[in-house]
Trainee: 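There's a structure below that I have some questions on.
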Amino acid sequence: VMTGKSACRESLLSEAVANARVFHFSGHARFNLEKPSRSILELYGHPITVGEIAGRLRFQRNVLTMLTGCETGLMFPEVLDDHENLSGAFLGAGARCVISTLWSVPDLPTVFLVNEFYRLWANGAPLVKALRDSQEWLRTLSVGESIDKAVFELAGHSRSPNQTEEQLHKGVMGFVRAFGSVPFASPSCWAGFVCHGSG
């Protein structure tokens, strides 16, 4: 797992990443519409471009690359070949499957979706089914026991000091006040995640 705040170019291009079965990037990304090969992952100190990822990273055993940064799956087919985006760069580097995003995804529903996705995958669901089912789960998650259970489970798995049960519950209540008793029903919370490659 790499986060934009702690990840640097050297760590992304390291032997440990090259040999990782799962690579997860959580941070900011930017799609460059005019020059897609200059789309970037924002890393600590200096970003890395699509061109650099495709040219310098070589996965040896990767079965899943998860890119939860904004616009990591975005492309503009009229302007570029389908490999000239972040998802394509990681596929070109040897990832068998890349899950990425088509737009700016809100942080809180993203962590819920990703936690459920990994739970389903660990229990034997194929990658694309785990993604689809976690999207459906998030879309229908409602106030009451189901949200309380999701908050409790996420807080138990999180290593982030910003994801305590109390802080997660407070964040959920903000969505509830804004969007009602099914706070993540909007497609903006879940539909932006797409699967490329062998899911």
Side-chain angles (χ1 to χ4, degrees), residues 1-7 12 23-53 64-80 82-91 95 97-118 127-128 130-132 134-141 147 150-151 154 158 160 162-163 167-168 170-180 182-197 199:
V1 176
M2 298 182 80
T3 62
K5 292 180 181 177
S6 62
L12 176 60
F23 174 75
H24 183 119
F25 176 83
S26 175
H28 296 293
R30 282 198 309 249
F31 180 71
N32 188 320
L33 182 60
E34 294 180 1
K35 295 188 176 179
S37 64
R38 293 188 183 172
S39 299
I40 61 166
L41 291 181
E42 293 185 7
L43 303 176
Y44 177 76
H46 195 278
I48 191 165
T49 67
V50 161
E52 291 172 308
I53 293 166
L64 171 65
T65 290
M66 172 77 79
L67 306 173
T68 62
C70 301
E71 301 180 352
T72 50
L74 192 61
M75 64 176 142
F76 195 66
E78 289 82 358
V79 173
L80 63 142
D82 62 3
H83 68 280
E84 279 198 306
N85 67 357
L86 287 160
S87 295
F90 280 96
L91 288 170
C97 177
V98 177
I99 294 176
S100 55
T101 64
L102 297 175
W103 54 71
S104 297
V105 289
D107 289 342
L108 185 62
T110 294
V111 296
F112 279 110
L113 185 145
V114 168
N115 191 61
E116 179 68 3
F117 165 82
Y118 281 124
L127 291 165
V128 72
L131 178 61
R132 184 181 65 238
S134 61
Q135 289 172 308
E136 177 65 14
W137 170 85
L138 183 67
R139 185 183 72 80
T140 59
L141 193 62
I147 276 190
V151 166
L154 181 57
S158 178
S160 169
N162 299 323
Q163 291 180 358
Q167 289 165 317
L168 288 167
K170 183 178 177 182
V172 167
M173 288 304 104
F175 272 81
V176 169
R177 284 191 296 275
F179 303 109
V182 188
F184 307 124
S186 168
S188 65
C189 293
W190 54 268
F193 289 86
V194 292
C195 183
H196 304 272

Trainee: Can you name the nearest heavy-atom pair linking Trp190 to Phe184, along with the distance?
Mentor: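 Smallest heavy-atom distance, with atoms named: CD1-O, 3.3 Å.
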
Trainee: Kindly compute the distance separating CZ (Phe25) from OG1 (Thr65), expressed to the nearest 0.5 Å.
Mentor: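 The CZ atom of Phe25 sits 12.0 Å away from the OG1 atom of Thr65.
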
Trainee: Let me see the working for Trp103 and Thr101 under side-chain contact (heavy atoms from CB on, under 4.5 Å), right down to the final yes or no.
Mentor: CA-CA 6 Å; Trp103 54 71; Thr101 64; over 6 Å; no

Trainee: With a 4.5 Å limit on heavy-atom distance, are the side chains of Ser134 and Phe193 in contact?
Mentor: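 No; the side chains remain at least 4.5 Å from each other.
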
Trainee: Do the side-chain N and O atoms of Thr110 and Thr68 include a donor-acceptor pair separated by under 3.5 angstrom?
Mentor: no

Trainee: Please find the pair of heavy atoms, one from Leu168 and one from Gln163, that lie closest to each other, and give the distance.
Mentor: CD1-O, 3.6 Å

Trainee: Between SG of Cys189 and CG of Leu141, what distance do you get to the nearest 0.5 Å?
Mentor: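 So the gap between those two atoms works out to 10.5 Å.
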
Trainee: Run the side-chain contact (heavy atoms from CB on, under 4.5 Å) check on Leu41 and Ile53 step by step: do they pass?
Mentor: CA-CA 10 Å; Leu41 291 181; Ile53 293 166; 4.2 Å; yes

Trainee: Heavy atoms only: give me the nearest Asn85-Phe31 pair and the separation to one decimal.
Mentor: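 Where Asn85 meets Phe31 most closely, the heavy atoms are CB-CE1, 4.3 Å.
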
Trainee: With side-chain contact (heavy atoms from CB on, under 4.5 Å) as the test, would you mind laying out the steps for Leu113 and Trp137 before giving the verdict?
Mentor: CA-CA 8 Å; Leu113 185 145; Trp137 170 85; 5.7 Å; no

Trainee: Look up atom CZ in Arg30 and atom OG1 in Thr49, then write down how far apart they are to the nearest 0.5 Å.
Mentor: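 It is 12.0 Å, given to the nearest 0.5 Å.
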
Trainee: Please check if the distance between the ring centroids of Phe23 and Phe90 is under 6.0 Å.
Mentor: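 That pair passes the under 6.0 Å test.
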
Trainee: Rounded to the nearest 0.5 Å, what separates atom CG in Leu127 from atom CG in Leu64?
Mentor: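 One gets 5.5 Å once the value is rounded to the nearest 0.5 Å.
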
Trainee: Might you point out which heavy atoms bring Leu108 and Gly171 nearest each other, and give the distance in Å?
Mentor: CD2-C, 3.3 Å

Trainee: So, taking the atom named CG in Leu86 and the one named CG in Leu91, what distance separates them when rounded to the nearest 0.5 Å?
Mentor: 11.0 Å

Trainee: Would you give the length of the straight line joining atom CG of Leu102 to atom OG of Ser87, rounded to the nearest 0.5 angstrom?
Mentor: 8.0 Å

Trainee: Would you name the heavy atoms of Pro36 and Val50 that are closest together and state the gap between them?
Mentor: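 Nearest pair, atom of Pro36 first, then Val50: O-CG2, 3.8 Å.
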
Trainee: Kindly give the heavy-atom pair with the smallest separation between Gln135 and Ala191, and that separation in Å.
Mentor: NE2-CA, 4.1 Å

